[in-house]
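Take a look at the structure below.
Keep in mind that what you see is a predicted model, and the values were worked out from it rather than measured. Index from 1, following the sequence.
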Amino acid sequence: MNIFRIAADMSHLVAIIILLLKIWKSRSCSGISARSQILFAVVFTARYLDLFTTYISLYNTFMKITFLVATYATVYLMFFKFRSTYMRESDTFRVELLIIPSAVLAFLINHDYAPFELLWTFSIYLEAVAILPQLFLLQSTGSAEVITAHYLFALGSYRALYIFNWIYRYYTEDYFDPIVVVAGIVQTVLYADFFYLYVTRVVQARKGMELPI
């Protein structure tokens, strides 16, 4: 495992921690898309079912369990603990437009038709677009809390760092997986406009300000 992979995983972990702390400390899930969080829960569930059949390393197992627990905890907080603060009327992106094409694509383009392999491939495709409901929610409200912007920046950085991980592995291990590379590039591109806004506005913003979208 190389430094880019570790940095990417840590960025992903930081993003999830930021989101949970934002919801818990503010006692509100305002500005957060539950639909994106549900999609991420589906992604991790489909990808990490091999927890019950395959052991790779303690690090790998810990990260899988952490992502699963943290994501389901976020969904619980949004739909139960702080459901009165959930912006349901603005979070209206039709997730079936993401889930169904991802499932179809997984059956058409994959490495193998084994059940776990199909689920893994489906999770890769779905993760690439799972952030779309969140981005559409921000567009519909017109602004984002700075802490929410930090969450999205950390989440986007995770995938961008994975691109460097793949480049490194290509030159050191002759590893290249077109499915994960193409999906990862698509996911990173979706964050591109937000990255620009983050760098130009959030970094210079005072604490507590909102970011115009």
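Between the side chain of S11 and the main chain of A8, no donor-acceptor pair closer than 3.5 Å is present. In this structure a side-chain-to-backbone donor-acceptor pair under 3.5 Å is missing from E173 to Y168. With hydrogens and angles disregarded, a donor-acceptor distance shorter than 3.5 Å links the side chain of Y113 to the backbone of F107. S102 places no side-chain N or O within 3.5 Å of a backbone atom of F122 that could act as its donor or acceptor partner.
For the pair I131 and L152, the tightest heavy-atom approach, listed with the atom from each and the gap, is CD1-CD2, 3.6 Å. I163 approaches G184 most closely through the heavy-atom pair CD1-O, 4.4 Å. Between N165 and N2 the shortest heavy-atom distance is OD1-ND2, 2.8 Å. When all heavy atoms are compared, the tightest approach of P133 to R35 is CB-CB, 4.0 Å. The shortest non-hydrogen separation linking S57 to Y55 is C-OH, 3.4 Å.
Sparse packing is recorded around CZ of F62, with 12 or fewer heavy atoms of other residues, nucleotides or ligands lying under 6.0 Å away. Remark: Y171 OH is loosely packed, at most 12 non-hydrogen atoms of other residues, nucleotides or ligands lying under 6.0 Å away.
Checking S33, S30, S140 one by one against S90, the side chain to side chain contact (heavy atoms under 4.5 Å, CB included) holds for a single residue, S140. Of the candidates L155, V14, T71, I32, I32 is the only one forming a side chain to side chain contact (heavy atoms under 4.5 Å, CB included) with L19.
Annotation: salt bridge (charged side-chain N to carboxylate O under 4.0 Å, His left out) contacts of D9 (sequence neighbours excluded): R5. Residues that satisfy the side chain to side chain contact (heavy atoms under 4.5 Å, CB included) test with I6, not counting sequence neighbours, are M1, M10.
Ring to ring, Y170 and Y175 are not that close: their centroids are 6.0 angstrom or more apart.
Below 30°, between 30° and 60°, or above 60°: for F44 and H12 the angle between ring planes is between 30° and 60°, a tilted geometry.
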In a table with atom names and distances, give each donor-acceptor pair under 3.5 Å that connects a side chain of residues 75-88 to protein atoms at least two apart or in another chain.
| residue | atom | partner | partner atom | Å |
| --- | --- | --- | --- | --- |
| T85 | OG1 | C29 | N | 2.9 |
| T85 | OG1 | F82 | O | 2.7 |
| Y86 | OH | D91 | OD2 | 2.6 |

Check against side chain to side chain donor-acceptor pair (under 3.5 Å), T45 and Y72: CA-CA 10 Å; T45 301; Y72 275 99; 2.6 Å; yes

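With respect to the salt-bridge test (charged N to carboxylate O, under 4.0 angstrom), the residues D50 and K64 qualify.
In this structure the side chain of F164 never reaches within 4.5 angstrom of the side chain of I3, judged on heavy atoms. Looking at T61 and I56, their side chains never come closer than 4.5 Å, going by heavy atoms from C-beta outward.
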